[in-house]
Amino acid sequence: MATPETNPDPNAIAAGFPTGFGWGFAASAYQIEGAADEDGRGRSIWDTLCDVPGAIADGQSGRVACDHYHRYLGDLALMAGLGSRTYRFSVAWPRIQPDGSGPANELGLDFYDRLVDAVLATGIRPHLNLFHWDLPQGLQDRGGFANPEIVGRFGDYAALVASRLGDRVIDWMTFNEPAVFAYLGHADGIHAPGLRDWPTAIRVADNELRAHAAAGSVIRSHVPGARIGVAYDMNQVVPATDAERDRAAAAAWSAARDAWFLDPLFGRGYPAAGMAAHAAAGHLEGVELTDPPAGDLDYLGLNYYRRDPVRARSDEPFDFEMEGRAGTEQTEMGWEVAPEGLRDVLLQLHREYAPREIVITENGAAYPDRFAADGRVHDDDRISYLARHLGAAAEAIAAGVPLTGYHAWSFMDNFEWSLGYTKRFGMIHVDYATQARTPKDSAEWYRKVIAAAG
Ligand code: IFM
């Protein structure tokens with residue numbers, strides 16, 4: 001198949017999507033809410049990591065972020081003005097259970113109650129994600145996701161949220177990017193809780209899969225007709241060169257990462273190739289694994305951003321790097337831009353796992369946005385990125401993939417984890433000193449795409 005062309009004409013883009021397609025935006029609690037000490041919110045593992053000198057660019061944190069906790073009405077009005085039909089947001093567990101267990105903090109639930117009402121009042125459909133990495137510190141102190149008791153705790157938390165919001169929210173997501181949480185947070189140490197121990201990361205992954213299954217039943221018991229999904233991030237993994245060692249490293253990484261989560265989610269248990277790769281690298285030392293129960297999935301969420309070129313550093317298992325290659329088009333994150341990879345990943349998921357539906361739960365790009373002399377942000381590079389990825393998504397639909405929605409990442413600039421506020425992914429520019437919101441050109445372009453789609 002050819003690479004999707006760049007044709008940012010909104011009408012041309014919209015023509016590739018069916019009427020009723022779920023156009024929208026995604027964001028997450030810790031990245032935008034701020035109000036870290038308000039209304040009884042407890043500490044999360046990200047508050048803790050942000051206090052570690054050197055952990056976050058410029059020593060920043062999500063303490064204030066976009067102050068969305070106080071400004072959500074204005075933000076939703078802006079979102080509605082762009083014609084968004086869906087809004088994917090996450091609930092901060094430490095607002096609901098400050099220490100991670102026990103009865104609900106009513107003030108925390110009240111915030112999401114108001115938020116959901118406001119989302120619905122603007123005519124937008126809420127997509128609620130239960131976990132976007134901000135684990136209550138109190139639970140981390142008991143081992144966090146490495147402790148099997150987390151499965152029951154997550155179910156309790158899901159029950160509190162579902163019983164309060166389930167009369168209005170139909171679309172649920174259990175986890176955002178479980179592989180990133182497990183591996184970057186517990187093996188690479190660059191995300192909270194900042195651990196570097198592979199056997200712990202494997203235990204965390206296992207408990208996430210079990211917690212997903214458990215929470216699915218809990219949500220269904222509170223929300224008849226709920227649609228349950230998970231936002232899984234899968235990029236296009238390729239060998240950096242044709243060298244045999246790069247090809248072997250890329251295959252091992254795919255098996256030990258994406259198949260490691262997706263095979264169990266679709267009821268196949270852990271993949272043999274992933275097991276071999278993790279075992280060879282010593283990641284399973286002291287870990288006893290049995291296959292987790294199949295995930296309960298009405299739809300599979302896909303977060304897609306880039307091509308990951310895998311370059312082996314040696315013949316040792318898991319000794320490789322994945323960096324954008326010189327001479328390739330890259331975003332400000334150093335990520336290789338690969339719209340055709342989105343199409344191919346969608347086709348691969350459809351072919352290998354046949355989910356009932358796929359929703360793109362994140363896609364977007366960071367660029368060094370600047371205000372021009374006319375007071376606007378002309379982010380043509382973002383428009384080009386989005387247009388090409390939407391073109392690729394339309395190709396996948398034409399090829400039979402049951403793709404039903406697209407959530408752009410992100411609505412507004414926000415806290416980009418260990419990179420602090422140095423990277424801007426939003427279609428709305430945020431001035432963090434004044435909290436002024438300014439729609440970038442991409443926002444107006446996206447509005448036209450949604451309007452043209454009808
Ligand atoms: O900002 C993150 C988001 O929290 C999870 N997916 C990737 C985004 C960009 O890095």
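Every value quoted in this text rests on a predicted model; they were computed, and no experiment measured them. Just the heavy atoms: all of them, side chains too, but no hydrogens, waters or symmetry mates, feed the values below. In listed order, ligands and their atoms are each counted from 1.
Note on residues 66-79: pairs passing salt bridge (charged side-chain N to carboxylate O under 4.0 Å, His left out), not counting sequence neighbours, are D67-R71, D75-R437.
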Short N or O contacts of ligand 1 with protein, under 3.5 Å, listed by atom name?
{"residue": "ligand 1", "atom": "1 (O)", "partner": "Q31", "partner atom": "NE2", "Å": "2.9"}
{"residue": "ligand 1", "atom": "1 (O)", "partner": "W409", "partner atom": "NE1", "Å": "3.4"}
{"residue": "ligand 1", "atom": "1 (O)", "partner": "E416", "partner atom": "OE1", "Å": "2.6"}
{"residue": "ligand 1", "atom": "4 (O)", "partner": "Q31", "partner atom": "OE1", "Å": "2.7"}
{"residue": "ligand 1", "atom": "4 (O)", "partner": "Q31", "partner atom": "NE2", "Å": "3.4"}
{"residue": "ligand 1", "atom": "4 (O)", "partner": "H132", "partner atom": "NE2", "Å": "2.8"}
{"residue": "ligand 1", "atom": "4 (O)", "partner": "W417", "partner atom": "NE1", "Å": "2.8"}
{"residue": "ligand 1", "atom": "6 (N)", "partner": "E177", "partner atom": "OE1", "Å": "3.4"}
{"residue": "ligand 1", "atom": "6 (N)", "partner": "E177", "partner atom": "OE2", "Å": "2.6"}
{"residue": "ligand 1", "atom": "6 (N)", "partner": "E362", "partner atom": "OE1", "Å": "2.5"}
{"residue": "ligand 1", "atom": "10 (O)", "partner": "E416", "partner atom": "OE2", "Å": "2.6"}

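At least one side-chain heavy atom of M333 sits less than 4.5 Å from a side-chain heavy atom of E416. Residues F425 and Y305 are in side-chain contact: their nearest non-hydrogen atoms beyond the backbone lie under 4.5 Å apart.
For the pair D117 and R168, the salt-bridge criterion is met [side-chain N within less than 4.0 Å of a carboxylate O]. A salt bridge links R164 with D110: at least one charged nitrogen is closer than 4.0 Å to a carboxylate oxygen.
Closest approach of A35 to H70, counting heavy atoms only: CB-CE1, 4.0 Å.
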